[in-house]
Amino acid sequence: MAGLPEARFATNKPVYAPGERITYTDFSFDPDGLNLARKWDGLQEAFFTPGEHRVSLTVTNSKGQASAPFTRLIKVQGAPVNTPLSYALRHTPVGSTFQDTRNPAYPALTPVTQSLPSFPLLFSDSPETPSQSGVLYQDRASGRVRVVAYHINRLPRPARLYVLARPRSDAVSVEVLRAGSAGGTRTESVLGQVSVLDFLTGSGSPRQQLSTSGVTALYTSPPLSSGQGPRP
């Protein structure tokens with residue numbers, strides 16, 4: 001007859017200060033290697049009152065066999081290092097919430113108005129899913145501009161997206177100060193997130209002279225299968 005599963009865990013220290021974060025290491029096991037479900041009693045990331053705090057763990061394997069409870073006493077003593085609020089502010093994961101009974105609503109920051117340079121935005125996204133080759137967007141611009149292109153290839157064959165520049169006079173050059181893109185994916189959220197992160201962490205390219213006899217490619221996407229898209 002196989003033995004019952006055994007609950008085991010350890011902490012990274014024997015004694016903690018009030019409000020100090022506790023690291024638990026769970027090394028419970030089943031003699032037959034079955035999956036385990038865990039049930040904790042008294043588990044907290046930190047204790048804020050001095051004394052001994054009992055934490056227990058029971059595990060149950062996939063056959064419904066439960067272990068005996070395994071218990072450790074967590075000793076808490078000394079000067080506090082955190083209050084519940086300061087601990088929550090330091091350690092609560094992004095996107096989670098916590099209660100602050102002393103302050104039902106945090107005050108809004110005082111708005112600060114800054115005068116910053118504003119540059120035109122050239123935004124190509126219509127049609128968002130082109131089904132035939134051709135010019136998707138064209139405009140005229142001079143000086144600094146921002147360019148965003150967001151499209152999904154709906155052609156029945158692979159295609160590329162180009163950002164092209166044509167000079168209106170001789171001796172015109174263009175410098176890309178910062179660039180970012182994401183291509184070759186069917187997931188729209190990935191296109192948005194990756195292209196923004198690539199832009200914020202990326203760099204530009206050296207100044208280049210525009211061809212006076214045609215167009216110059218400032219961006220060329222990788223080959224995009226049908227249903228894939230870039231966002232430069």
Side-chain angles (χ1 to χ4, degrees), residues 86 88-98 105-232:
S86 66
L89 291 170
R90 287 185 173 96
H91 299 294
T92 299
V94 174
S96 300
T97 60
F98 58 89
Y106 282 90
L109 294 175
T110 302
V112 177
T113 302
Q114 294 181 320
S115 297
L116 299 174
S118 178
F119 308 116
L121 173 64
L122 309 182
F123 189 14
S124 175
D125 74 335
S126 179
E128 186 175 303
T129 56
S131 57
Q132 62 183 11
S133 299
V135 177
L136 301 176
Y137 176 90
Q138 61 181 347
D139 210 329
R140 290 188 175 187
S142 60
R144 287 192 177 187
V145 296
R146 297 169 294 163
V147 179
V148 176
Y150 182 77
H151 297 281
I152 303 293
N153 178 24
R154 290 302 181 198
L155 278 71
R157 60 186 181 278
R160 293 180 186 267
L161 176 73
Y162 296 90
V163 177
L164 305 174
R166 185 196 304 271
R168 285 181 286 172
S169 60
D170 295 339
V172 175
S173 62
V174 170
E175 180 182 4
V176 178
L177 299 178
R178 180 176 289 184
S181 66
T185 177
R186 301 175 186 272
T187 307
E188 296 185 12
S189 60
V190 172
L191 285 176
Q193 294 173 3
V194 173
S195 60
V196 169
L197 290 173
D198 192 39
F199 175 81
L200 294 176
T201 60
S203 57
S205 59
R207 181 176 293 274
Q208 57 180 319
Q209 199 75 23
L210 297 185
S211 172
T212 58
S213 59
V215 294
T216 301
L218 302 181
Y219 169 80
T220 302
S221 78
L224 305 170
S225 301
S226 182
Q228 293 183 338
R231 181 178 174 177

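Values below: every heavy atom of this structure, side chains too, minus hydrogens, waters and symmetry copies.
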Anything under 3.5 Å between a donor and an acceptor, one on a side chain of residues 117-131, the other on a protein residue two or more places apart or in another chain? List them.
unit_1 : atom_1 : unit_2 : atom_2 : d
Ser124 : OG     : His151 : NE2    : 2.7

Side-chain donor-acceptor contacts of residues 196-205 below 3.5 Å, not counting sequence neighbours, with atom names and distances?
unit_1 : atom_1 : unit_2 : atom_2 : d
Asp198 : OD2    : Ser181 : N      : 2.9
Thr201 : OG1    : Leu197 : O      : 2.7

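Applying the salt bridge (Lys or Arg N to Asp or Glu O under 4.0 Å) rule to pairs touching residues 109-121 yields nothing, sequence neighbours excluded. A salt bridge (Lys or Arg N to Asp or Glu O under 4.0 Å) check over residues 160-181, counting only residues at least two apart or in different chains, returns the pairs Glu175-Arg207.
The side chain to side chain contact (heavy atoms under 4.5 Å, CB included) search around Ser211 returns Ser213, Thr216, not counting sequence neighbours. Scanning for side chain to side chain donor-acceptor pair (under 3.5 Å) contacts around Tyr162 gives an empty result, with sequence neighbours left out.
The minimum heavy-atom distance between Gly214 and Pro167, with the atom names listed, is O-CD, 4.0 Å. Annotation for Ser133 and Arg157: closest pair OG-NH2, 3.5 Å, computed over non-hydrogen atoms. The minimum heavy-atom distance between Val135 and Gln138, with the atom names listed, is CG1-CB, 4.2 Å. For the pair Val172 and Ser169, the tightest heavy-atom approach, listed with the atom from each and the gap, is CG2-O, 3.2 Å.
For the pair Leu161/Leu136, a side-chain contact is recorded, criterion being any heavy-atom separation below 4.5 Å from C-beta on.
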